[in-house]
Amino acid sequence: MEDINFYESVYALVREIPVGRVTSYGAIAKALGRDGAARMVGYAMANAGNVRPSVPAHRVLNSKGELSAKAAFGHPNRMQELLEKEGVKIKKDRVVDFKTVFWNPLDEL
DNA sequence: AGTCTGACTGGAG
DNA sequence: TCTCCAGCCAGAC
């Protein structure tokens, strides 16, 4: 994935996230060989809404498993609802059993 | 080329 | 478990 833009790489990887699983910005950055560019991943996701095909941005959380992006989903509970609909339990804006639901692109891709 | 910014991160208190 | 802080990187101006 070096022949395309950084953003496109991010979107492509995010689209690989299995339903019912989540990952972190840092994990994605590292998987793309840009360890430390976690902030950039988040910045790229901010534009995910305009990208086609759609990107399951709600499956990308910060390293603590918190829904740090919920504010960008229109309604504050939208992101949580999407995740719970896929089987991911949320408690106080945080994924329950984050370590278990966590999807590591470096391990499983 | 310089400066600012952000859906982040890991460590310290 | 929570808050604060400095370090990070690519893109927009």
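As a basis for the values below, the full set of heavy atoms in this structure was taken, side chains included, without hydrogen atoms, waters or symmetry mates. Quick note on labels: first sequence line is chain A, next is B, and so on, each numbered from 1.
- Separating the OH atom of Tyr11(A) from the C1' atom of dA10(C) is a distance of 12 Å, rounded to the nearest angstrom.
- One atom, CG of Asp35(A), and another, C1' of dA10(C), lie 15 Å apart when rounded to the nearest Å.
- Following rounding to the nearest Å, Asn62(A) (CG) and dC2(C) (P) show an atom-to-atom distance of 12 Å.
- Closest contact between the side chain of Ser24(A) and the listed nucleotides dA12(C), dC2(C), dT9(B) involves dT9(B).
- In this structure, Phe102(A) is not a member of the same hydrophobic cluster as Val41(A), with clusters built from ILVMFWY side-chain heavy atoms closer than 4.5 Å.
- Proximity of a side-chain donor or acceptor of Arg94(A) to a complementary backbone N or O of Gly65(A) within less than 3.5 Å is not detected.
- For the pair Met45(A) CE and dC9(C) C1', the interatomic distance rounds to 17 Å; values are reported in whole Å.
- For Ser63(A), taking side-chain heavy atoms from C-beta onward, the closest of the listed nucleotides dA10(C), dA7(B), dT9(B) is dT9(B).
- Residue Met40(A) contributes atom CE, which lies 10 Å from atom C1' of dC8(C) at whole-angstrom precision.
- Of all nucleotides present, only dC5(C) satisfies the Watson-Crick or G-U wobble test against dG10(B), with each distance under 3.5 Å.
- Per the geometry, CG belonging to Leu32(A) stands 13 Å off C1' belonging to dA10(C), to the nearest Å.
- For the pair Arg59(A) and Glu86(A), the salt-bridge criterion is met [side-chain N within less than 4.0 Å of a carboxylate O].
- Residue Arg94(A) is the one, among Tyr43(A) and Arg94(A), whose nearest nucleotide of DNA chain C lies closer to the 5' end (criterion: closest heavy atom).
- Judged by distance alone, with hydrogens and angles left aside, Arg39(A) brings a side-chain donor or acceptor within reach of the base of dG7(C), the pair sitting under 3.5 Å.
- The Ala69(A) side chain lies nearest to dA7(B) when the options are dC8(B), dG10(B), dA7(B).
- Heavy-atom contacts from other residues, nucleotides or ligands closer than 6.0 Å to CZ of Arg78(A) number 12 or fewer.
- Positionally, the nearest nucleotide of DNA chain C for Lys92(A) lies more toward the 5' end than for the other of Tyr7(A) and Lys92(A).
- Here Ala57(A) lies in heavy-atom contact (under 4.0 Å) with a base.
- Rounded to a whole Å, the CG atom of Asn47(A) is 18 Å from the P atom of dA10(C).
- Look at NZ on Lys64(A): it is 10 Å from C1' on dT3(C), rounded to the nearest Å.
- The backbone N or O of Gly36(A) lies less than 3.5 Å from no partner atom in the side chain of Arg39(A), so there is not a single donor-acceptor pair.
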